[in-house]
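Here's the structure we're looking at; comments come further down.
By convention in this document, chain letters (A, B, ...) are assigned in the order of the sequence lines, proteins followed by strands, and residues within each chain are numbered from 1.
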Amino acid sequence: MRISRIYFNTLKEVPKDATVKSHILMMRAGLIVRLSSGIYAYSPIGYRSIKKIIDIIREEMDRIGAQEFLLPILTQKELWVETGRYELMKNLMFKTIDKNGQEYILGPTHEEVFSDIIRRYLNSYRQLPLIVYQVYKKFRDEIRPRFGVMRGREFIMKDAYSYHRDSEDLDKTYQDMRIAYRRFFIRCGLDTVPVMADSGAMGGKESEEFMVRSTIGEETIIECLKCGYVANSERAISYKEYVKSNEELKNIEQVYTPSVKTIEELIDFFKVSPQKFIKSLVYKTEDGENILALIRGDLEINEVKLSNAIGGKPISLADEETVRKIGSEIGFVGPVGISNLRIIADESVKYIVNGITGANKKDYHIKNVTPEKDFKVEKYIDISLTKENDLCINCKTPLKSFKGIEVGHIFKLGYKYSNDMNIEFLDENGNKVKPIMGCYGIGIDRTLATVIEQSSDEYGIIWPITIAPFKVIVIPLVENCYEIADKIYNNLLNEGIDTLIDDRQLSPGIKFNDADLIGIPIRVTIGKNWVKNGVIEIKLRDGSGNYEVNENTVIYEIKKIIEIKEKEIKQKLDSISKMV
RNA sequence: CGGGAUGUAGUGCAGUUGGUAGCACACUGGUUUUGGGAACCAGUUGUCGGGGGUUCAAGUCCCUCCAUCCCGACCA
């Protein structure tokens with residue numbers, strides 16, 4: 001393409017709405033145009049990279065026998081009602097109505113739609129396994145769109161689903177997906193860490209997230225540098241040792257604690273260690289149930305674990321009004337004498353003797369509180385948040401933590417949709433059987449943004465050769481170079497190499513800066529040096545080389561460079577295959 | 001949804017005690033330039049987020065609505 005003839009719009013200034021590297025560079029390089037919060041258009045240059053990413057994922061999916069569909073964005077409300085997700089995801093869904101008042105959902109994900117298609121089709125075990133996918137738009141009314149296309153309200157997702165006769169068969173596809181995902185990310189130039197996201201101590205990898213280390217990551221990952229344990233902090237578990245003190249049980253005593261609410265203030269007030277406190281928090285579920293969660297003063301509650309402990313219902317911290325309604329006061333909540341709500345306690349609470357907790361009365365706490373003596377608990381279960389320096393569950397080494405961007409997620413779904421939507425097939429014996437499912441997602445836009453987040457310098461983007469919008473940019477600098485530049489440009493195109501030519505009559509500085517900003521891997525400069533000595537310069541954007549060539553060798557040299565760059569990636573792919 | 005901030009030209013910003021809208025970049029025409037965002041000359045560009053109010057007079061003060069961004073609860 002000729003820059004003078006295409007939509008090409010680079011910005012010198014940093015757009016004021018952009019705060020992270022990838023967003024700033026995507027805006028400055030003119031890859032995207034922001035139309036409204038979380039809604040972006042891709043320019044031809046940006047879209048070229050998107051298409052290359054999609055091509056790669058398509059190759060990897062096809063390679064493991066997945067079949068590509070194209071599903072509608074408009075989905076009938078009934079499907080969502082059928083699985084209960086019409087209620088569960090109601091805050092996330094964009095809805096629309098037709099002229100008859102019929103409601104439609106702009107698909108936020110496609111388990112229901114795919115399953116509806118599959119149940120119409122599936123008859124026999126001979127048709128399984130069935131692995132299906134699409135690469136298409138998703139719509140989510142995100143609580144907080146952020147960081148440009150990193151978390152948009154409309155975005156492109158590769159979503160795959162698999163249907164199997166049994167869990168062994170699902171295991172096989174799950175493993176194939178793990179490899180396909182790792183290959184995909186490597187081919188995009190990303191270093192990912194597969195992170196366990198299983199639902200707790202049960203073992204068995206039910207779910208895995210693909211994380212890229214980044215300070216702007218929205219996930220906290222816990223890892224053990226010694227044994228290699230890695231898990232999302234939401235799901236991570238750690239080794240804990242509790243000792244029940246053998247001190248004598250004392251009687252409850254009320255203490256006047258004016259305006260002393262937080263654990264820090266309490267420690268200061270009572271002059272005892274945080275382990276003495278029973279921290280009490282009121283949560284509510286969406287259907288209005290209230291839960292009292294208890295945890296030792298030095299620990300934090302993990303809301304995901306808590307939610308799982310009560311059957312997976314979404315929960316949130318109760319507001320002041322709710323806390324009053326159950327007969328307590330924020331800052332002075334405690335389990336003693338409270339009724340009409342479920343009490344879930346972290347394991348740590350079981351071992352507290354003569355502890356301190358809220359009196360459910362403004363400005364009062366009570367001391368010498370001991371579980372089971374002074375209050376009953378529905379169950380003791382691990383609901384604590386795993387933090388850095390907690391001990392590894394496997395080897396008791398202090399854990400480390402880092403921030404990560406989640407670019408992909410693979411998941412064993414089980415029978416949820418098969419049951420809710422009544423998907424069945426006949427096995428060899430003529431019995432009706434429900435298929436077991438898996439689902440596998442990759443955020444395409446987020447992958448693109450993450451690559452930029454990981455690979456840039458002060459001048460702009462540094463694309464990996466595989467997903468760069470163009471592999472080569474040809475820059476003629478002085479008047480009588482345009483003809484030879486044009487010839488090289490055309491020869492490169494004839495070789496099937498994506499090439500951009502900067503045919504604008506502008507000063508060299510602008511051309512160099514634009515080329516750096518949009519991050520084209522190979523820059524071919526034709527200027528004074530060619531006029532004088534017939535020398536054409538090749539410079540690699542990633543700083544890995546500068547070459548001086550002539551008119552006859554330039555195409556050959558470029559092809560060689562591309563070959564080397566692609567080979568580097570292939571080698572990494574081979575090492576993955578060997579690992580697995 | 002809670003907390004904080006912002007809204008003025010395509011972009012980034014300034015605009016004093018209320019007095020009829022400005023700078024830089026970009027853009028158009030021209031002359032000279034051409035190896036890391038050139039110089040000069042001449043131009044174009046505005047519903048000051050919307051609505052209402054106070055005032056002789058509002059970008060500026062008041063009310064209200066809207067939008068956007070940042071920090072916390074969801075997810076690819």
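Remark: C1' of B:G35 and CD1 of A:Ile510 are 13 Å apart, rounded to the nearest angstrom. B:A38 atom P lies 15 Å from atom CD of A:Gln505, rounded to whole Å. Going from atom CZ of A:Phe8 over to atom C1' of B:U11 covers 16 Å, rounded to whole Å. Atom CG of A:Asn513 is separated from atom C1' of B:G37 by 5 Å (rounded to the nearest Å). Regarding A:Ile518, its CD1 atom lies at a distance of 19 Å from the P atom of B:G36, rounded to whole Å. Atom CZ in A:Arg144 sits roughly 15 Å away from atom P in B:G2 (whole-Å rounding). Separating the CD1 atom of A:Ile473 from the P atom of B:G35 is a distance of 18 Å, rounded to the nearest angstrom. Remark: P of B:U33 and CG of A:Leu477 are 18 Å apart, rounded to the nearest angstrom.
Here the side chain of A:Phe147 is nearest to one of B:C74, B:G35, B:C70, namely B:C70. Looking at the side chain of A:Lys12, the nearest of the listed nucleotides B:G37, B:A76, B:U68 is B:G37. Side chain of A:Ser37, nearest nucleotide from B:G35, B:C69, B:A76: B:C69. Residue A:Glu218 places its side chain closer to B:C74 than to any other of B:G35, B:C74, B:G36. Taking every side-chain heavy atom of A:Glu13 into account, B:A24 is the closest of B:A76, B:A24, B:C74. Out of B:A76, B:G36, B:C74, the shortest distance to the side chain of A:Ile143 is found at B:C74.
Checking B:U31 for Watson-Crick or G-U wobble geometry (two distances, each under 3.5 Å) identifies B:A39 as its partner. Across every strand in view, B:U55 sits unpaired, with no contact that passes the Watson-Crick or G-U test at under 3.5 angstrom. B:C48: no Watson-Crick or G-U partner with both key distances under 3.5 Å is found in any strand. With a 3.5 Å ceiling on both atom-pair distances, the Watson-Crick or G-U wobble partner of B:C1 is B:G72. Base pairing of B:A67 is made with B:U6, judged by Watson-Crick or G-U wobble geometry with both donor-acceptor distances under 3.5 Å. Taking a pair to require two hydrogen-bonding distances under 3.5 Å in either a Watson-Crick or a G-U wobble arrangement, B:A14 remains unpaired.
The side chain of A:Lys16 contributes an N or O atom lying less than 4.0 Å from OP1 or OP2 of B:U8.
Projected onto RNA chain B by closest heavy-atom contact, A:Glu406 and A:Thr19 fall at different nucleotides, the more 5' of which corresponds to A:Thr19. Comparing A:Ile156 and A:Thr10, the nucleotide of RNA chain B nearest to each residue sits closer to the 5' end for A:Thr10.
Within 6.0 Å of the CG atom in A:Asn546, the count of heavy atoms belonging to other residues, nucleotides or ligands exceeds 12. Annotation for A:Phe69: atom CZ counts as buried by contact number, over 12 foreign heavy atoms lying within 6.0 Å. Heavy-atom neighbours of A:Tyr547 OH from other residues, nucleotides or ligands within 6.0 Å: above the threshold of 12. Counting non-hydrogen atoms of other residues, nucleotides and ligands closer than 6.0 Å to NZ of A:Lys487 gives a total of 12 or fewer.
On the P atoms, B:G4 is 30 Å away from B:G53, given to the nearest whole Å. Between B:C23 and B:U8, the two C1' atoms lie 13 Å apart (nearest whole Å). Comparing the C1' positions of B:U33 and B:G22 gives a spacing of 30 Å, expressed to the nearest Å. For the C1' atoms, the distance linking B:C69 with B:G30 amounts to 42 Å, nearest Å. With both ends at atom C1', the span from B:U11 to B:U20 equals 27 Å, rounded to whole Å. Spacing of P atoms, B:C61 relative to B:G2, comes out at 26 Å, to the nearest Å. Across the C1' atoms, B:U64 and B:A26 are found 36 Å apart, a figure rounded to whole Å. Only the C1' atoms considered, B:U44 is 11 Å distant from B:A9, to the nearest whole Å.
A:Lys528 comes within 4.0 angstrom of a base, heavy atoms only. Heavy atoms of A:Asp514 sit under 4.0 angstrom from at least one base atom. Across all strands shown, A:Asp516 has heavy atoms under 4.0 Å from base atoms, whether or not it also approaches the sugar-phosphate. Across all strands, A:Lys532 comes closer than 4.0 Å to no nucleic acid atom at all (heavy-atom distances). Residue A:Glu479 is classed as having no contact, given no heavy-atom separation below 4.0 Å to the nucleic acid. Among the heavy atoms of the strands, none lies under 4.0 Å from A:Gly148. Across all strands shown, A:Glu142 has heavy atoms under 4.0 Å from base atoms, whether or not it also approaches the sugar-phosphate. Within the nucleic acid shown, A:Asp17 comes within 4.0 Å of sugar-phosphate atoms alone, with no base atom in reach, counting heavy atoms only. Residue contacts for A:Pro108: at a heavy-atom cut-off of 4.0 Å it reaches no nucleic acid atom on any strand shown. Counting non-hydrogen atoms under 4.0 angstrom, A:Arg504 reaches nothing in the nucleic acid. Residue A:Ile444 is out of contact with every strand shown, counting any heavy-atom pair closer than 4.0 Å. Looking at heavy-atom distances under 4.0 Å, A:Asn529 makes contact with a base. In this structure, A:Gly408 reaches the sugar-phosphate backbone alone: every heavy-atom distance under 4.0 Å involves primed, P, OP1 or OP2 atoms, never a base. Here A:Ser507 lies in heavy-atom contact (under 4.0 Å) with a base.
Both the sub-6.0 Å distance and the 45° axial angle are satisfied by A:Arg48 relative to the ring of A:Phe470.
One distance of note links CD1 of A:Ile105 with CE of A:Met93; it measures 4.0 Å at 0.5 Å rounding.
One cannot find a donor-acceptor pair under 3.5 Å joining the base of B:C74 and the side-chain atoms of A:Arg146. Interface remark: the A:Arg34 side chain does not form any donor-acceptor pair with the B:G10 base, using a distance-only criterion of under 3.5 Å.
Here the side chains of A:Ile520 and A:Pro469 are in contact, with some heavy-atom distance below 4.5 Å. The closest side-chain heavy-atom distance from A:Val230 to A:Met196 is not below 4.5 Å. At a threshold of 4.5 Å between non-hydrogen side-chain atoms, the residues A:Glu548 and A:Asn533 do not count as touching. With contacts defined as side-chain heavy-atom distances shorter than 4.5 Å, the pair A:Thr450/A:Met150 qualifies.
In this structure, A:Phe155 packs face-to-face on the six-membered ring of B:A76, meeting both the 5.5 Å centre cutoff and the 30° plane limit.
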